[in-house]
Amino acid sequence: MALIKSISGIRGTIGGGAGEGLGGVDVVKFTAAYAEFIRRHNSGASRIVVGRDARISGEMVNHLVTGALMSMGFDVVNIGLATTPTTELAVTGLGADGGIIITASHNPVQWNALKLLNSRGEFLSDAEGKEVIAIAEAEDFRFAEVFGLGREYRDDTWAMRHIEMVKSLPLVDCEAIAEAGFTVAVDAVNSVGGVVIPKLLRELGVKDVIELNCEPTGKFAHTPEPIPENLTQISGMMKEGVADVGFVVDPDVDRLAIVMENGEMFVEEYTLVAVADYVLSKTPGSTVSNLSSSRALRDVTVGHGCEYSAAAVGEVNVVTKMKETGAVIGGEGNGGVIYPELHYGRDALVGVALFLTLLAKSGKKVSELKAGYPRYAIAKNKIQLTPDIDVDAILEAVKEKFSNETITDIDGVKIDFPDSWVHLRKSNTEPIIRIYSEAETMEKADRLAAEIKDVIASL
Ligand code: MG
């Protein structure tokens, strides 16, 4: 059993006693605190959008969230099964005062969570998240009197509206995609992507769609995080040469991994790199990713004569930096593409449409495209912490030891070497230090991580 309250929302496993997991009491309290927060910042606020991914507990949590919002006097526009980016677009499209997405993203089926949005359809900032937690902990909210209760409205048009918005983007070329006559395989891990991605592909002009795990039953066919070790099913199928490209999304469809025509991984780090390469070729401008993302984005950006900036880890930090620098494209190396032309949220639908346009116009195979990008490999390691370890002191000491290199300390410590980097960060959710290292090959990246581990051990 687990229940984690953090600035990015409330997250937990289903079942157990009060306070042990994501139970009814905590969902209602947290939702009421969010409603109170929205009203404090906008006294006329009256409408919240609610969407959910297809996980099994979604319907139950949806009832709790909807009831809590109504009891706080808010009308609820329930858009039903919806991706995270679709819910974000519905908030602004409906002129609502906020939104809640019921999803535990890439976490396994036992988990669920609430992601909280402001009236711009963007995630709450750190400070705003803290305010919601404080209100929840103090139970500092008031429920509405009987004549002030909210109502629930249903609106299931948003998946299609989202697809239309993606199709209308000037850089998405449906004609080029149709002309290419693509066969595309999709693995949507039996969540909401199973409904929306095949529909998007057909609307974009894809000739044949091979659907894998596209029933939105919430019974995840494999561990849902779209990383190589979980994608053996689609990769095995594609080794037979059945499709030009494969797309895999996580349960709430804000992360996109690509599988090459030969069944090998394009690698999730390169989703953003490829899409950015295409966007920059048409509309030059700056780019942003987080500190733990591949240097390939920087190289590609510089190759287009543009400027790259790094942000702290976390979508809200990347979005803040993108606004600051006026970035034309940005995101995260985990397959999260943020294209402000549509909205400031990671959006796998946008990623699919831009990537297919790039692929069609290039006339290349996916593996040929990949070969044209700077070659890097990222090793993702961790160190288990014990209570007596002072993480901040360790990070300080590492900084000191490598003071001759380029150091970035906006989020943990990142050391940039001429042809590699290593990023150490304390996890917010587990007692570990994450060590991400990138170099020309996986062997070198692993060696770099091992060296840093040795340094830490010697401290
Ligand atoms: Mg996600």
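Whatever order the structure lists them in is the order used to number ligands and atoms, beginning at 1.
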> Flag the pair R346 and E332 as a salt bridge only when some basic side-chain nitrogen lies within less than 4.0 angstrom of an acidic carboxylate oxygen.
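Yes, charged N to carboxylate O under 4.0 Å.
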> Considering the Mg ion (ligand 1), could you give the total of protein N/O/S atoms lying closer than 2.8 Å?
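Excluding waters, the total comes to 4.
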> Does this structure show an ion pair linking K199 with E203, if we count only N-O contacts that are shorter than 4.0 Å?
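No salt bridge links K199 with E203.
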> Not counting sequence neighbours, which residues clear side chain to side chain donor-acceptor pair (under 3.5 Å) with S294? List them please.
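Residues passing side chain to side chain donor-acceptor pair (under 3.5 Å) with S294: E438.
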> Indicate yes or no: at least one non-hydrogen side-chain atom of N381 is less than 4.5 angstrom from one of R434.
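Not touching, per the 4.5 Å side-chain cut-off.
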> Output all residues satisfying ring pair (Phe, Tyr, Trp, His ring centres under 6.0 Å) with F141, sequence neighbours left out; order by chain, then residue number.
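Counting only residues at least two positions away or on another chain, F141 forms a ring pair (Phe, Tyr, Trp, His ring centres under 6.0 Å) with F143.
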> May I have all residue pairs that pass ring pair (Phe, Tyr, Trp, His ring centres under 6.0 Å) and include part of residues 19-40, sequence neighbours excluded?
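Those involving residues 19-40 are F37-H41.
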